[in-house]
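Chain letters run A, B, ... following the sequence lines, proteins first and then strands; every chain starts at 1. Computed from heavy atoms alone, side chains included, the values below leave out hydrogens, waters and symmetry copies.
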Number of protein chains: 2
Amino acid sequence: MVTVSTSNEAYHHGSLREALVAAGMEALDGLDGKEVSLRELARKVGVSPTAVYRHFPDKQALVEALASEGLAMLGAAQAEAATKVGGGALGFAETGRAYVRFALAHPALFRLMYTQGNPVEHDVSGDPAGRLLQKMTRELSSNIEDADRLALQAWSIAHGIAMLMLDGRIPADDALIDRLLNTENLFRVQGRSSEESP
Amino acid sequence: MVTVSTSNEAYHHGSLREALVAAGMEALDGLDGKEVSLRELARKVGVSPTAVYRHFPDKQALVEALASEGLAMLGAAQAEAATKVGGGALGFAETGRAYVRFALAHPALFRLMYTQGNPVEHDVSGDPAGRLLQKMTRELSSNIEDADRLALQAWSIAHGIAMLMLDGRIPADDALIDRLLNTENLFRVQGRSSEESP
DNA sequence: GCCTCTATGTTTACAGCGTTCACTTTAGGC
DNA sequence: GCCTAAAGTGAACGCTGTAAACATAGAGGC
């Protein structure tokens with residue numbers, strides 16, 4: 001039973017949707033492997049399973065609501081991390097760390113955000129974290145093309161680290177995050193690879 | 001109904017396990033979002049659902065069998081791609097491309113390999129793709145520490161690109177794969193970031 | 001050549017899931 | 001104060017993974 005913020009049992013008053021999302025976010029903290037169940041959330045909120053369908057067309061829609069809530073949280077965490085060090089290139093690096101740390105702090109939510117969430121299909125407008133990333137890289141780069149490339153690369157690295165750590169492929173170690181996010185060494189290898197090309 | 005390789009209906013003869021895995025691999029091609037069902041595989045093979053439990057303790061074990069089959073396929077694809085260009089640094093770069101291409105070619109299998117598969121928990125011995133990666137990076141680097149760092153970074157980038165493309169966050173475009181895997185530009189930004197640090 | 005034992009299958013059953021349909025309750029506008 | 005539309009309920013369907021009891025087939029020992 002989740003105690004909804006204001007009036008305790010004031011359903012039939014429009015708060016069910018928010019209560020479900022709140023219960024969902026709460027349920028997502030603590031279970032990583034298993035996925036959240038619609039009936040379980042209904043139970044937690046004290047309502048019959050079918051009541052959910054008055055507020056969401058199906059489970060997918062409920063899950064997407066959780067996903068976009070998560071994206072907002074992530075965006076906020078990144079923005080805070082960036083401004084705390086004064087923005088700029090240093091702030092940009094900090095958003096990467098914040099990204100991975102967020103994933104480790106909320107494994108189930110993070111997974112859900114990217115596997116279930118509305119795909120945003122190459123449009124960044126509905127994704128606060130994506131918007132911030134685009135803004136920062138465009139400030140750092142001289143032209144938009146470079147900026148967008150950098151944005152996708154940075155995103156890929158951070159996302160890869162996060163996922164591999166969540167999946168237990170790489171130790172979920174804070175120092176390792178820093179070591180991997182620092183990509184100075186990659187230049188050498190890339191250069192060598194170019195030398196060998198005909 | 002999947003037609004198992006040798007004798008058509010020679011169950012009760014030890015081929016059920018292989019038939020199930022084959023049916024699983026077949027089922028995984030063609031469905032991305034949904035996950036494979038134990039009962040469905042049993043149906044495809046023409047056997048009752050509970051027969052599966054004579055060969056796998058539970059569904060997870062069956063899924064892990066599929067995962068390790070997938071890891072073997074990936075390792076083979078990468079090795080082939082690397083040798084085709086003559087190995088070396090160029091071959092190393094090629095394994096990255098092969099990794100992402102494999103993910104795009106077998107989305108459901110790839111997801112399953114990394115989210116469900118036996119975590120290998122930081123031990124690379126049961127993972128052919130991981131072994132190859134370790135071998136190549138150690139050949140490319142002067143010391144083991146640099147090599148392992150490079151390995152994890154390269155893995156992270158490729159994995160991030162693959163996942164973001166599978167999840168529809170980034171266009172699944174072949175040219176984009178190359179653009180993102182080429183990380184020469186990252187050096188500049190990283191350098192700037194260092195300048196600003198106190 | 002028969003008998004038995006074990007590996008491999010089947011049947012039935014249970015609890016949980018998402019979802020549909022028909023129904024009831026409730027709150028608010030006239 | 002009624003009436004209507006919104007919101008929640010209950011029963012049911014087909015699906016899932018899994019457990020327990022039972023059936024059968026084939027190999028090995030005699």
Side-chain angles (χ1 to χ4, degrees), chain A residues 1-24 27-28 30-67 108 111-112 115-118, chain B residues 1-2 4 6-24 27-28 30-67 108 111-112 115-118:
Chain A
M1 295 286 177
V2 83
T3 309
V4 75
S5 53
T6 50
S7 51
N8 201 339
E9 40 197 326
Y11 303 133
H12 251 284
H13 292 90
S15 59
L16 216 198
R17 188 192 160 99
E18 290 86 345
L20 283 170
V21 171
L28 281 176
L31 66 130
D32 183 9
K34 320 211 70 78
E35 62 179 308
V36 67
S37 130
L38 181 148
R39 293 178 100 108
E40 178 203 343
L41 294 190
R43 247 176 272 129
K44 280 184 76 160
V45 151
V47 101
S48 80
T50 52
V52 177
Y53 289 84
R54 298 293 160 188
H55 300 269
F56 300 96
D58 53 14
K59 183 189 175 181
Q60 184 61 28
L62 169 50
V63 161
E64 279 171 22
L66 296 175
R111 269 212 177 77
L112 183 146
T115 63
Q116 310 277 1
N118 43 347
Chain B
M1 295 284 179
V2 82
V4 74
T6 52
S7 53
N8 202 339
E9 39 197 325
Y11 302 133
H12 247 286
H13 291 90
S15 59
L16 217 198
R17 188 192 160 99
E18 290 85 349
L20 283 170
V21 171
L28 281 176
L31 66 130
D32 183 9
K34 320 212 69 77
E35 62 180 306
V36 67
S37 131
L38 181 148
R39 294 179 99 107
E40 178 203 345
L41 294 190
R43 247 176 273 129
K44 279 183 77 160
V45 151
V47 101
S48 80
T50 52
V52 177
Y53 289 85
R54 297 292 161 190
H55 301 270
F56 300 96
D58 53 13
K59 183 190 176 180
Q60 184 60 28
L62 169 51
V63 160
E64 278 170 23
L66 296 175
R111 269 212 176 78
L112 183 147
T115 63
Q116 309 277 1
N118 44 347

(request) Starting from P on D/dA19, measure out to CZ on B/Arg54 and report it in whole angstrom. (result) 12 Å

(message) Rounded to whole Å, how long is the line connecting atom CZ of A/Phe56 with atom C1' of C/dT20?
(response) 19 Å

(message) With a 4.0 Å cutoff (strictly under), does any side-chain N or O of A/His55 reach OP1 or OP2 of D/dG8?
(response) yes

(message) If you count heavy atoms of other groups shown closer than 6.0 angstrom to CD of A/Gln116, is the number above 12?
(response) yes

(message) Counting C-beta onward and ignoring hydrogens, is there a side-chain heavy-atom pair between B/Leu41 and B/Val52 closer than 4.5 Å?
(response) no

(request) Please say whether more than 12 non-hydrogen atoms of neighbouring residues, nucleotides or ligands are located less than 6.0 Å from CD in A/Glu64. (result) yes

(request) Figure out the CG/P separation between B/Leu62 and D/dT16, and round it to whole Å. (result) 14 Å

(message) The criterion is side chain to side chain donor-acceptor pair (under 3.5 Å); which residues satisfy it with B/Glu40, sequence neighbours excluded?
(response) none

(message) Could you check whether any side-chain heavy atom of B/Leu20 comes within less than 4.5 Å of a side-chain heavy atom of B/Phe56, counting everything from C-beta outward?
(response) yes

(message) Under the rule for side chain to side chain donor-acceptor pair (under 3.5 Å), what residues qualify as partners of A/Ser48, not counting sequence neighbours?
(response) A/Thr50

(request) Could you tell me the separation between the NZ atom of B/Lys34 and the C1' atom of D/dT16, rounded to a whole number of Å? (result) 12 Å

(message) For nucleotides 11-19 of chain C, give me one character per nucleotide, 5' to 3': B if any protein heavy atom sits under 4.0 Å from the base, S if the only such contacts are to the sugar-phosphate, - if neither.
(response) B-B---BBB

(message) In whole Å, I'd like the distance from the CD atom of A/Glu18 to the P atom of D/dA7.
(response) 12 Å

